[in-house]
Number of protein chains: 2
Amino acid sequence: MSTKERILDASLQLFNEQGERKVTTNHIAAHLAISPGNLYYHFKNKQAIIFALFERYESRVLDILQVPEERALQPLDKLRYLQDIFTGLWDYRFMHRDMEHLLLADAELHARYRAFFRLCLQRVQQIFRGLAEAGIIRISEADIASLALNTWIVVTSWFSFLRCNLLNADVDAISPELLRGGIYQVFTLERPYLTDEYREAMNQLQQQFIPRPSWLEADEETVG
Amino acid sequence: MSTKERILDASLQLFNEQGERKVTTNHIAAHLAISPGNLYYHFKNKQAIIFALFERYESRVLDILQVPEERALQPLDKLRYLQDIFTGLWDYRFMHRDMEHLLLADAELHARYRAFFRLCLQRVQQIFRGLAEAGIIRISEADIASLALNTWIVVTSWFSFLRCNLLNADVDAISPELLRGGIYQVFTLERPYLTDEYREAMNQLQQQFIPRPSWLEADEETVG
DNA sequence: GTATTATTAGAGTCATTACTCTAAAAGGTC
DNA sequence: GACCTTTTAGAGTAATGACTCTAATAATAC
């Protein structure tokens with residue numbers, strides 16, 4: 001594997017584990033047992049590393065959010081979308097953790113991200129239209145737009161939410177297992193729109209993702 | 001006004017305008033035309049300033065999220081809750097901007113925030129129960145829990161969403177006017193649960209908050 | 001007015017971190 | 001093996017920012 005790829009992989013790993021801000025370029029170099037000079041030979045600065053990782057993330061997500069043209073959507077498609085998207089978010093979880101900071105520091109990335117967001121929103125709306133055409137949900141166009149936006153917000157904020165509200169502050173306590181609660185929440189968003197025909201089946205699907213709500217477990221703190 | 005209060009006010013203003021990370025303690029002191037030593041006489045460190053601001057924020061929010069005991073909830077109550085909460089979020093918008101960072105840096109604040117979150121979630125659920133008792137919505141207990149959580153996520157993420165997706169990267173472009181879109185989104189969350197009796201009235205209420213969706217305006221960037 | 005305490009100034013410290021610079025090594029070509 | 005390009009090492013720099021330290025000034029008490 002090329003040094004460039006190794007730098008990207010190591011950066012992604014360290015960013016995910018510790019957050020982008022806590023990981024210095026020297027830190028990345030040390031992790032790979034290479035010199036800082038070597039790292040800067042391959043990337044002109046830290047932002048360039050982040051930008052390259054964003055490109056990976058973007059293509060990963062856009063690959064997932066496609067509506068099959070040759071067939072109608074099925075209930076299990078929705079599940080697959082959610083699982084794949086949440087897994088992608090997990091693999092690049094550092095991004096939405098510090099998104100504002102990253103975008104503010106890099107105007108080019110910001111523009112790129114905005115375009116990416118709008119494309120995603122369109123794709124999500126397409127998926128809802130597909131579900132409607134398949135008779136799984138029944139929903140107006142206006143509600144599709146609003147529902148897609150709510151879905152985007154809940155999905156992209158889910159790990160942030162967990163990190164802020166988990167019992168122990170330990171970041172390592174966040175595991176892919178906690179994806180489940182996020183999937184459950186998105187099911188709730190769409191549930192009211194289910195048609196009679198599919199309501200029962202989809203509700204049973206959702207039941208598989210009932211979270212153990214760890215964010216509600218009591219600890220000794222109280223609010224004055 | 002005491003120096004301590006002035007430091008808090010100035011910090012809040014600067015944090016909101018520029019983000020907590022960009023505002024140094026020297027910066028705050030300079031803004032007030034006092035010395036850094038003076039600032040550190042009143043607060044032992046930067047975290048202490050943030051903690052004090054959180055206490056203000058917490059009491060502001062908890063004041064708002066109360067269910068009147070002497071009367072039933074009315075449709076306009078819901079509107080008032082949303083407007084007051086979003087205004088509160090606006091006034092302390094730096095908090096949710098960097099919440100993860102703030103909490104990770106201060107275990108005490110983290111514990112306090114967790115307790116605050118859980119209390120808020122209970123209060124929001126109480127409000128939904130109140131709306132159900134008043135015959136405005138019809139919803140199961142399980143859905144109340146999930147809806148309350150989605151509401152929390154959308155509300156607390158709204159400004160983050162805007163900052164990431166607004167057309168121009170300029171932070172000053174964010175104005176209280178953009179609250180409206182957030183209110184609209186939360187209405188959408190609850191809309192499917194409205195009873196026949198109140199559906200029309202609430203939908204009309206929601207129409208007042210149709211956003212000009214500035215995050216969808218086209219610019220010249222494209223996604224490859 | 002003197003003693004004591006509360007408040008303020010402001011220069012300075014120390015750690016951090018993104019990034020640079022020079023030169024050496026490795027790899028390829030003929 | 002001579003020449004050229006690519007890759008690497010690693011010491012060093014320059015800026016930043018949270019925080020400290022000493023001493024001066026104001027406020028208060030008696």
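Letters A, B, ... mirror the listed sequences (proteins, then strands); counts begin at 1.
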When the ring centroid of A:Tyr193 is compared with that of A:Phe128, is the distance short of 6.0 Å? no

For B:Asn26 and for B:Arg6, locate the closest nucleotide of DNA chain C by heavy-atom distance; then report the residue assigned to the nucleotide nearer the 5' terminus. B:Arg6

The residue among A:Asp63, A:Asp91, A:Asp9 that forms salt bridge (Lys or Arg N to Asp or Glu O under 4.0 Å) with A:Arg56 is A:Asp9

N/O (side chain, B:His42) to phosphate O (OP1/OP2, C:dT8) under 4.0 Å: yes

Please confirm whether B:Phe161 and A:Trp152 have ring centers closer than 6.0 angstrom. no

Which is true for B:His27 with a 4.0 Å heavy-atom rule: it touches a base, it touches only sugar-phosphate, or it touches nothing? nothing

According to a strict under-4.0 Å criterion, is B:Asn38 in side-chain N/O contact with OP1 or OP2 of C:dT7? no

Would you say B:Tyr41 reaches C:dT8's phosphate, i.e. side-chain N/O to OP1/OP2 under 4.0 Å? no

Please tell me if A:Thr25 has a side-chain N or O lying less than 4.0 Å from either OP1 or OP2 of C:dA18. yes

Presence of salt bridge, B:Arg97 and B:Glu20, under 4.0 angstrom: no

Length of the CZ-C1' vector between A:Phe43 and D:dT8, whole Å: 15 Å

Can you pull out the residues from residues 44-56 of chain B that lie within a 4.0 Å heavy-atom distance of DNA chain C? none

Do the two ring centres, one from B:Tyr57 and one from B:His96, sit under 6.0 Å apart? yes

Nucleotide nearest B:Thr24 when distance is taken to its side chain, options D:dT7, C:dT17, D:dA18: D:dA18

Under a 3.5 Å cutoff, is there a donor and acceptor pairing between the side chains of B:Gln122 and B:Gln126? no

Name the residue closer to the 5' end of DNA chain D, choosing between B:Tyr40 and A:Gly37 according to the nucleotide with the nearest heavy atom. A:Gly37

Does C:dA9 have OP1 or OP2 sitting under 4.0 Å from an N or O in the side chain of B:Ser35? yes

Write down the distance between CD1 (A:Ile28) and C1' (C:dT17), rounded to a whole number of angstrom. 12 Å

Residues A:Arg60, A:Asp84: salt bridge by 4.0 Å N-O rule: no

Rounding to an integer number of Å, can you tell me how far B:Leu32 CG sits from C:dG10 P? 15 Å

So what does A:Ala33 touch, heavy atoms closer than 4.0 Å: a base, only the sugar-phosphate, or nothing? sugar-phosphate

